[in-house]
Undergrad: 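Quick one: the structure is below, and I'll ask about it shortly.
Indexing begins at 1, ligand by ligand and atom by atom, following the structure's order. Below, each value reflects all heavy atoms present in this structure, side chains not excepted, and no hydrogens, waters or symmetry copies.
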Amino acid sequence: MEEALNPTELRELAAEILSENDREGRYTIPTKGLYPFQWNWDSCLTALGWTYLDEDRAWREIETLFEHQWSDGMVPHIVFHEPDDGYFPGPEVWSTGRSVPTSGITQPPVAGFVLRRLYQRCADPEEIEERIEDLVDAVDRWHAWFFENRDPQREGLVSIIHPWEAGRDNSIDWDEAFERVPTEGITDYVRRDTEHANPAHRPTKAQYDRYLWLVEHFCSFGWDNSKLHDASPFRVVDPGFNAILIRSCFDLAALAEELEMDDVAQRNYAWARRGLEALENLWSDPHRQYLCQDRTTGQLIESTSIGGLLAVFAPIRLTRAQAIAHRIEQISEECRFSIPSHDPADSRFDAKRYWRGPVWLIINYMINDGLEAADLEESSTKIVDDSLELISSSGFAEYYDPKTGEACGGGRFTWTAAMVLEFLQDQ
Ligand code: DGY
């Protein structure tokens with residue numbers, strides 16, 4: 001049996017992966033082949049890893065992403081910096097008409113949280129003051145875009161209108177609402193993802209047909225964000241996504257306060273507080289966790305996924321955080337490694353298929369952070385231990401089977417490496 005890697009070796013490997021996926025010192029691709037461009041939340045979480053290697057490079061990662069912010073405030077989920085036909089759907093499908101092509105939907109807004117963390121680690125805050133102020137303004141405009149375009153009834157929480165926006169592409173959470181998305185009339189296409197990763201670890205063809213129908217539908221509105229929310233047959237309020245937005249609003253507000261950007265601080269505190277209050281509507285007593293809400297029907301969705309546990313990333317009340325810690329213990333009893341992305345007791349759980357069961361280190365990181373903030377150290381220690389054990393035994397994979405620890409999806413994965421550097425900081 002191979003010997004487990006020690007923390008120094010793990011750090012070296014993580015740094016090697018970040019460097020090999022670095023492009024021109026400006027952005028980092030998630031992994032070669034499968035994801036050859038810049039992805040929004042991958043990039044932001046990767047910046048945390050860069051702080052251990054090169055602080056300036058960490059800021060640059062976020063700056064590059066925000067150079068491609070749309071004039072309405074949206075920050076796209078993919079920036080297609082260089083042509084690469086190994087990925088589908090590429091720029092010609094999105095057709096967003098930008099000089100450097102981008103996709104037309106967004107992703108979990110983790111940037112506010114990351115900015116604050118970068119600032120806290122910064123060796124000389126004065127030196128980067130102007131840089132950081134520009135970024136604070138840009139993130140503030142993105143937050144405003146969310147509440148303007150994705151919460152038209154001013155309910156305090158925002159919808160995703162495409163599963164790719166949640167980052168949890170094929171979660172069981174979307175199954176029911178996704179049935180409402182037709183597939184007739186979509187242009188013929190050839191998937192490329194299944195050439196780079198095991199098809200059994202990826203979404204199905206039926207799901208891809210619907211992903212594509214939505215893209216073509218939004219494209220027919222000229223990507224006018226003021227119309228897309230109501231025009232989408234798929235509108236879901238995800239507690240995990242909203243927890244990230246709420247946390248980022250709080251963190252951006254606190255950072256803006258330090259920088260004496262008072263308007264930004266006030267606005268973001270107000271969004272965060274309202275969001276936190278509204279999040280309570282997604283709590284389910286019978287399930288002892290938060291659930292997604294189908295915004296078309298107003299109903300909570302019967303699907304106990306990681307999205308409902310990720311709510312702890314926002315400063316929810318202590319009793320809720322304790323309940324989530326308890327749920328994690330419960331579902332982890334059925335798995336060797338925590339935290340599965342879906343409840344293993346659910347018959348729809350699938351240990352290897354992307355977001356229908358596997359463990360993701362970025363999710364472990366954010367949940368761990370929330371549990372630590374709530375002083376629930378006991379639960380958080382197991383999450384960190386399991387995460388590091390997965391890395392030592394199975395390498396820097398995109399995600400892992402929670403029952404066996406088998407590496408799934410893409411390999412030599414950037415944000416997994418970044419999270420390892422984060423988890424090792426106290427070791
Ligand atoms: C993919 O292509 O699998 C992505 O998750 C979409 O962003």
Undergrad: For ligand 1, output the ligand-protein N/O contacts shorter than 3.5 angstrom; if there are none, return none.
TA:
from	atom 1	to	atom 2	distance (Å)
ligand 1	2 (O)	Tyr87	OH	2.6
ligand 1	3 (O)	Asp169	OD2	3.4
ligand 1	3 (O)	Arg202	NH2	2.8
ligand 1	3 (O)	Tyr354	OH	3.2
ligand 1	5 (O)	Asp169	OD2	2.5
ligand 1	5 (O)	Tyr354	OH	3.3
ligand 1	7 (O)	Trp39	NE1	3.0
ligand 1	7 (O)	His77	NE2	2.7

Undergrad: Indicate, with yes or no, if the rings of Phe313 and Tyr365 have centres closer together than 6.0 Å.
TA: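 No; Tyr365 has its ring centre 6.0 Å or more from that of Phe313.
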
Undergrad: How long is the straight-line distance from CD of Glu16 back to CD of Glu12, given to the nearest 0.5 Å?
TA: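 One gets 8.5 Å once the value is rounded to the nearest 0.5 Å.
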
Undergrad: Among Trp223, Trp94, Trp70, find the residue that satisfies the side chain to side chain donor-acceptor pair (under 3.5 Å) test when tested with Thr102.
TA: Trp70

Undergrad: Salt bridge or not between Asp209 and Lys205? Use side-chain N to carboxylate O under 4.0 Å.
TA: yes

Undergrad: Could you check whether Phe37 and His81 have their ring centres less than 6.0 Å apart?
TA: no

Undergrad: Could you pull out all residues at least two apart from Arg273 that satisfy salt bridge (charged side-chain N to carboxylate O under 4.0 Å, His left out)?
TA: none

